[in-house]
Amino acid sequence: MASVAELNFGACSSSRKATSNYSSQFSYVSTRLSHHRRVRLRPLPVPRSSSIQCSVTSDQVQAPVAVNTEDPKKPECYGVFCLTYDLKADEETKSWKKLINIAVSGAAGMIANHLLFKLASGEVFGPEQPIALKLLGSQRSFQALEGVAMELEDSLYPLLREVSIGIDPYEVFQDADWALLIGAKPRGPGMERAGLLDINGSIFADQGKALNAVASRNVKVIVVGNPCNTNALICLKNAPNIPAKNFHALTRLDENRAKCQLALKAGVFYDKVSNVTIWGNHSTTQVPDFLNAKIDGVPVKHVIKDNKWLEEEFTEMVQKRGGVLIQKWGRSSAASTAVSIVDAIRSLVTPTREGDWFSSGVYTTGNPYGIADDIVFSMPCRSNGDGDYELVKDVIFDDYLWNRIKKTEAELLAEKRCVAHLTGEGIAVCDLPGDTMLPGEM
Ligand code: LMR
């Protein structure tokens, strides 16, 4: 795999080295030398005798091949962690597509633990799409990251061709076609929201720089870590060589939550609910749009004739669902977030159903609605399935909807001022509205 050299932090454990004919579907790079990781994640010198390349399946074992250790860019392989295989042959025999690299941050966390297995199973990118997973964790989570990689390994997914793990985004994001940025610090007791924006903003500034330096020029980035809209803005501002349009903040979970509540109220199964937009911020100011939404092709307001419920209960239920869930679970939603990441990706890689759309937090500059430029704002999108999207033009607004949109816009503009030092726009001024929160802050 392309990233083996970059992610090669040192010699692997002896038990792994002993199994050089290991029958794995993929390779991952690891180390137990945590003190080396702490210093700097660069390849450590390894005895030449440990450099081998092996075939990936037991029935295709090739004789170990000496690696070109003269070329610093060539991977130094360490036993099972750098098995290589002839993917081209697989592509020919199985009509597989070209391998794609998917980087996931926060990879040792709960959301990723649901997501990675969905990605590896083929349910996201399809049964003909082999993938490489590049997992970014932290120094603290590194052992857990190894555990994740081991579980992926034990799952024998045919489409999962490579797994690499690391804690340096410049190495893990190398050649990434997708970057799913989940890892972020949760707000701790006594932490001001501005403090959270600053801490997480710095993470996303660094990751934006890393993507800019090493990812595919057309990488698609989905930011999940909160506050996701502003983190996405910070990330894209630090990645000037990647189109701003390629950055998304995840609001698909909010859309799914809204669909569920509308279905429940109307007494229909939720597949009957369509055209639901979440406008704005993934926070308690977000606006679940019931004006344009439909149930069985009919405007929601013609089906649910309880305007008070729509404006008050429904709206608040969606806005605060994440917080209520934290109260029940004692932690943020994980499984449903992972499902919504899957939905968000699939919405970009499969054509949108005729007449329908999906919500995503995207860059506003040039939007047709009159929303302020230069923020990341959830809006209705359509895709022809090529990974790109266009904004839906034929939506309507009334005073209620527009006033709410202005409120969530004001919040995002305030968040933007608060992170000006991270977007290269000068000195930060933090005047966040006091009455708004992340869904989980209740
Ligand atoms: C959610 O909507 O469930 C999460 O974003 C809540 C949170 O703050 O973690």
Side-chain angles (χ1 to χ4, degrees), residues 104-115 118 141 180-201 203-204 221-235 247-262 276-289 314-345 358-362 376-378 408 411-412 415 418-419 432-442:
V104 180
S105 78
M110 294 281 286
I111 298 171
N113 199 39
H114 290 277
L115 177 65
K118 292 175 177 294
S141 70
L180 312 176
L181 305 184
I182 300 171
K185 196 174 168 59
R187 181 161 138 159
M191 191 190 287
E192 291 293 324
R193 184 146 177 227
L196 184 73
L197 271 167
D198 189 47
I199 292 173
N200 282 332
I203 295 172
F204 286 88
V221 184
I222 300 184
V223 177
V224 180
N226 280 322
C228 61
N229 295 57
T230 297
N231 288 341
L233 181 72
I234 293 167
C235 200
F247 290 78
H248 298 257
L250 185 80
T251 54
R252 186 53 172 269
L253 178 56
D254 305 298
E255 178 188 322
N256 291 354
R257 288 167 171 168
K259 281 180 166 160
C260 181
Q261 294 308 318
L262 290 172
V276 174
T277 308
I278 299 295
W279 296 93
N281 202 2
H282 176 67
S283 77
T284 54
T285 64
Q286 68 176 269
V287 191
D289 175 353
F314 163 71
T315 299
E316 195 173 316
M317 212 147 29
V318 177
Q319 291 170 331
K320 296 190 173 167
R321 181 82 165 178
V324 173
L325 214 129
I326 288 173
Q327 281 167 1
K328 302 275 182 204
W329 249 126
R331 57 150 178 83
S332 286
S333 54
S336 57
T337 303
V339 169
S340 73
I341 298 170
V342 169
D343 291 341
I345 298 170
F358 58 90
S359 303
S360 189
V362 291
V376 171
F377 199 92
S378 184
T408 195
E411 180 182 48
L412 279 166
E415 286 188 14
C418 202
V419 297
L432 295 170
D435 62 336
T436 63
M437 293 176 283
L438 295 171
E441 283 181 318
M442 298 162 50

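Position 1 is the first residue of the sequence; numbering continues from there. All ligand and atom numbering here is 1-based and tracks the order in the structure.
Every atom of ligand 1 is numbered from 1 in the order shown, and the set under 4.0 Å from a heavy atom of Ser333 is 1 (C), 3 (O). Proximity to Gly322 (heavy-atom distance under 4.0 Å) selects the following atoms of ligand 1: 1 (C), 2 (O), 3 (O).
Contacts between His282 and ligand 1 below 4.0 angstrom, taking non-hydrogen atoms only, involve the side chain exclusively. At a heavy-atom cutoff of 4.0 Å, ligand 1 is contacted by the side chain of Arg257 but not by its backbone.
When every heavy atom of Asp254 is checked against every heavy atom of His282, the shortest pair comes out as OD2-ND1, 2.7 Å. Scanning all heavy atoms of the two residues, the minimum distance from Pro288 to Val318 falls at CG-CB, 3.9 Å.
The shortest heavy-atom distance from Asn226 to ligand 1 is under 4.0 Å.
Taken from CZ in Phe247 to SG in Cys228, the straight-line distance is 14.0 Å, to the nearest 0.5 Å.
Using a 3.5 Å distance cut-off with no hydrogens or angles, the side chains of Ser378 and Gln286 do not pair a donor with an acceptor. Of the N and O atoms on the side chains of Asp343 and Asn256, at least one donor lies less than 3.5 Å from an acceptor on the other residue.
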